[in-house]
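Have a look at the structure below before the remarks.
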Amino acid sequence: MPVYHPPKIAGSDITPQTVYMNRRTILGAAAGGLAFAAAPSAFAAALSARATDYTVTEKLTTKEDATSYNNFYEFGTSKSDPLQNSEAFKPTPWRVEIGGLVNKPTVIGIDDIMKDFTMEERIYRMRCVEAWSMVIPWIGFPLSALLDRVEPLGSAKYVAFETVVRPEEMPGQRGLFQPLPWPYVDGLRLDEARNPLTILATGLYGETLPNQNGAPLRLVVPWKYGFKGIKSIVKITLTEEEPPCTWNRSAPSEYGFYANVNPAVDHPRWSQATERRIGEAEGLFGGARMNTLPFNGYAEEVAGLYSGMDLSVKF
Ligand SMILES: Nc1nc2c(c(=O)[nH]1)N[C@H]1C(S)=C(S)[C@@H](COP(=O)(O)O)O[C@H]1N2
Ligand SMILES: [Mo]
């Protein structure tokens with residue numbers, strides 16, 4: 001059984017020798033003119049100032065696995081489809097519309113976003129609802145930074161997300177069998193969206209996000225099941241009402257709005273108590289299966305968001 005480490009907050013102890021698993025690579029320009037060629041001490045100071053510096057020390061999933069075993073129904077329903085069928089998809093140029101209950105609605109290009117935020121390599125454990133999991137070093141920025149920019153109104157309670165609809169480039173959106181209604185949509189409560197663990201990812205493993213992983217911009221919410229990680233986002237809307245979620249709409253008894261990783265609440269068709277780590281051989285007695293942790297191991301950071309809620313009802 002591989003050792004299962006809960007995530008560690010390591011923002012205050014970045015040293016030059018924390019390379020591989022705790023490696024943080026700055027890939028973009030920072031707002032405020034931080035120089036990335038700066039001495040390690042300045043670099044560390046800049047990073048430790050960030051409240052969002054979470055990481056896990058588990059072994060990374062290989063890039064090959066993370067980019068070939070995907071769910072992205074716009075390109076087909078099997079795990080190998082997104083890699084095979086997404087070649088024609090063009091993630092550049094790209095614009096994201098951010099509006100709804102905000103003071104400053106805006107339409108923004110990915111480059112504009114990149115320019116504004118420190119692109120920092122992060123390591124999050126990403127998992128999917130089917131009970132497999134991966135550990136992926138995402139590149140991204142906190143969603144809250146983008147929300148600050150548009151100034152949500154006091155009446156805004158939720159954030160709704162929408163994926164692009166492009167049947168010409170997405171084979172899963174044309175033809176007779178349409179597995180889901182399009183666009184794929186999902187949402188978060190505003191306080192969840194503001195949590196520093198909630199990021200918009202633009203890359204992984206030091207590279208631009210591949211099409212199959214949700215290029216050019218996708219959500220990563222590491223304490224929730226995979227389907228909350230909506231891909232290829234074109235629209236973000238602040239709302240007063242709970243926004244629709246594709247999987248909740250399609251199978252409400254199986255997928256809730258919250259979708260917090262919870263080993264105590266089974267999916268109606270399978271246990272959610274354990275998970276299979278992709279890339280680790282599964283032994284005769286379920287070797288690579290590991291116990292799933294509440295909130296995917298991020299309980300310390302996020303359990304408070306749900307105090308007083310019955311998580312077997314609000315699943
Ligand atoms: N637009 C869109 N986003 C999506 C999906 C999808 O079909 N379409 N699948 C979701 C599901 S079910 C999972 S498990 C994750 C998979 O992310 P990954 O392929 O990067 O591992 O993406 C989520 N985001
Ligand atoms: Mo999923």
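Just so it is clear, the values below take in all heavy atoms, side chains as well, and ignore hydrogens, waters and symmetry mates. When a residue number appears, it is its place in the shown sequence, counting from 1. As the structure is a computational prediction, the values presented were derived from the model and not from experiment. First listed ligand is number 1; within each ligand, the first listed atom is number 1.
Of the options Asp65, Thr163, Leu83, the smallest heavy-atom separation from atom 1 (N) of ligand 1 is shown by Thr163. Across Tyr184, Phe72, Trp132, heavy-atom proximity to atom 10 (C) of ligand 1 is greatest for Tyr184. Comparing heavy-atom distances from atom 15 (C) of ligand 1 across Gly226, Gly76, Ser232, Ala259 singles out Gly226 as nearest.
The shortest separation from a heavy atom of Gly229 to ligand 1 is under 4.0 Å, placing the residue in contact. The closest approach between any non-hydrogen atom of Arg218 and ligand 1 is below 4.0 Å.
Relative orientation of the Phe72 and Phe75 rings is perpendicular, given thresholds of 30° and 60° on the angle between their planes. Ring orientation note: the planes of Tyr306 and Phe295 are close to parallel, at an angle under 30° on the 30°/60° scale.
Inclusion of Gln212 in the set of residues having an N or O under 3.5 Å from an N or O of ligand 1 is not warranted. Residue contacts with ligand 1: Trp138 is placed with no nitrogen or oxygen under 3.5 Å of a nitrogen or oxygen of the ligand (distance criterion only). For ligand 1, one of its N or O atoms has an N or O atom of Asn70 under 3.5 Å away.
Geometrically, Lys228 engages Phe257 in a cation-pi contact defined by less than 6.0 Å to the ring centre and at most 45° from the axis.
No donor-acceptor pair closer than 3.5 Å links the side chain of Thr163 to the backbone N or O of Pro183. In this structure, the side chain of Asn248 does not engage the main chain of Pro244 through any donor-acceptor pair within 3.5 Å. Under the 3.5 Å distance criterion, the side-chain polar atoms of Asn213 are left unmatched by any main-chain donor or acceptor of Thr67. No donor-acceptor pair under 3.5 Å is formed between the side chain of Arg166 and the backbone N or O of Phe89.
Listed by number with element, the atoms of ligand 1 under 4.0 Å from a non-hydrogen atom of Asn213 are 20 (O).
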